Amino acid sequence: MTALSALVRRDVRIALRVGGGALIGVLFFLTVVVLMPFAIGPDLALLSRLGPAILWLGALLASLLTLDRLFMADHEDGSLDLITMSRTPLELACAAKALAHWLAAGLPLIVATPVLGLLLNLDMVATAAVALTLLAGTPALTFTGMIGAALAVTLHRGGLLMAVLVLPLSIPVLIFGVAASQAVIVGPMTFGAPFSILCALSLVSLVIGPFAAAASLRHGLD
């Protein structure tokens, strides 16, 4: 556990440094949300109806933008080989790295959601619902994206492959995240059903993601 906590702290510090990647995702998220009202126009009712989808789409793209550095930096400096050969199970190391990525790149998106919700004419209840769905759903984006990052780490121009692999896996998370948020705003569906499915997707990705990523790394580094 000491090694895993040290790995989490190390990855969080690296991600929060200038050029570490976490700030890029937050700025991209901010840019998408700020530009959307200019593109949609002055229709506040339409903006409020599309607000959850805009926030979720921005969070999804911002997560994809920073996933390529999840293993690539460690592979370039040789740290990934040390992690693979250490006594710590590679599955737990992958889970720790995914947790660090979510803390550095996913959690700031959730913190920024209440402020950005004002730009999309969302009231406090709707903004809280979107933030809650992002809190439940962004771990699924990170842990499923980790599989694509592990597959692409040893490939030339693996970033394109990662996007092709990760986007289809992220679509169910996007669908149920937006559905749960829309249920609070317009109904008629209840909030509980899509939110429960969203939580289930995160739990499934939490279980499967580290094992699939570890298997991909072992195969790619052999």
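Note that this is a predicted model, so its numbers are computed, not measured.
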**Report entry** Atom of Phe143, atom of Ala98 and distance for their closest heavy-atom approach
**Finding:** CE2-CB, 3.7 Å
Query raised in the report: Is there a side-chain contact between Val32 and Leu57 (heavy atoms, below 4.5 Å)?
Result: no
Query - Audit row: Ser181, Thr133, side-chain hydrogen bond (donor to acceptor under 3.5 Å, both in side chains) steps and yes/no - result: CA-CA 7 Å; Ser181 304; Thr133 56; 3.2 Å; yes
Query - Rounded distance (nearest 0.5 Å) linking atom CD1 of Ile147 with atom CD1 of Ile208 - result: 7.5 Å
Requested in this report: Kindly indicate, with the supporting measurements, whether the criterion side-chain contact (heavy atoms from CB on, under 4.5 Å) is fulfilled by Val173 and Trp56.
Outcome: CA-CA 9 Å; Val173 181; Trp56 257 100; 3.8 Å; yes
Query raised in the report: Honestly curious: do Leu167 and Leu67 fall in one hydrophobic cluster under the side-chain, below-4.5 Å linking rule?
Result: yes
Query raised in the report: For Val26 and Leu109, which heavy atoms make the closest approach, and how far apart are they?
Result: CA-CD2, 4.0 Å
Report summary line: Separation between CZ (Phe176) and SG (Cys199), nearest 0.5 Å, reads 12.0 Å
Report task. Is it possible for you to say whether Val178 and Leu135 belong to one hydrophobic cluster, with membership spreading through side-chain heavy-atom contacts below 4.5 Å? Result -> yes
Report task. Report whether Leu44 and Leu118 are members of the same hydrophobic cluster (ILVMFWY, side-chain heavy atoms less than 4.5 Å apart, transitive linking). Result -> no
Query - Main-chain N/O of Ile83 paired to Ser86 side chain as donor or acceptor, under 3.5 Å - result: yes
Report task. May I ask whether Ile175 and Leu64 are part of the same hydrophobic cluster, defined by side-chain heavy atoms of I, L, V, M, F, W, Y residues being less than 4.5 angstrom apart, directly or through others? Result -> no
Query - Minimum heavy-atom distance Leu107-Leu103, with the two atoms named - result: CB-O, 3.6 Å
Query raised in the report: Which heavy-atom pair separates Met146 from Pro210 by the least distance, and what is that distance?
Result: CE-N, 3.5 Å
Query raised in the report: Given Arg10, which of Val8, Val12, Ile14 fulfils the side chain to side chain contact (heavy atoms under 4.5 Å, CB included) condition?
Result: Ile14
Query raised in the report: Any side-chain heavy-atom pair from Leu122 and Leu116 closer than 4.5 angstrom?
Result: no
**Report entry** Spacing of Thr84 atom OG1 and Leu80 atom CG [to the nearest 0.5 Å]
**Finding:** 4.5 Å
**Report entry** Phe28 side, atom CZ; Leu61 side, atom CG - distance, nearest 0.5 Å
**Finding:** 5.0 Å
Report summary line: All heavy atoms of Leu119 vs all of Leu47, minimum pair found to be O-CD2, 3.5 Å
**Report entry** Val207 side chain near Val204 side chain, heavy-atom distance below 4.5 Å
**Finding:** no
Query raised in the report: Going hydrophobic residue to hydrophobic residue with side-chain gaps under 4.5 angstrom, can you get from Ile54 over to Ile185?
Result: yes
**Report entry** Pair listing, side-chain hydrogen bond (donor to acceptor under 3.5 Å, both in side chains) test, anchored in residues 93-121, at least two apart
**Finding:** Asp11-Lys97, Thr66-His101, Asp74-Lys97, Trp102-Thr138
Query - Separation between OG of Ser170 and CG of Leu141, rounded to the nearest 0.5 Å - result: 5.0 Å
Report summary line: Taken to the nearest 0.5 Å, the spacing of Ser48 OG from Leu120 CG works out to 8.5 Å
Query raised in the report: Are any of the side-chain heavy atoms of Leu201 and Pro172 separated by less than 4.5 Å?
Result: yes
Report summary line: By side-chain contact (heavy atoms from CB on, under 4.5 Å), Leu46 pairs with (sequence neighbours left out) Ile40, Asp43, Arg49, Leu50
Report task. Please name the pair of heavy atoms, one in Val130 and one in Leu55, separated by the smallest distance, quoted to 0.1 Å. Result -> CG1-CD1, 3.6 Å
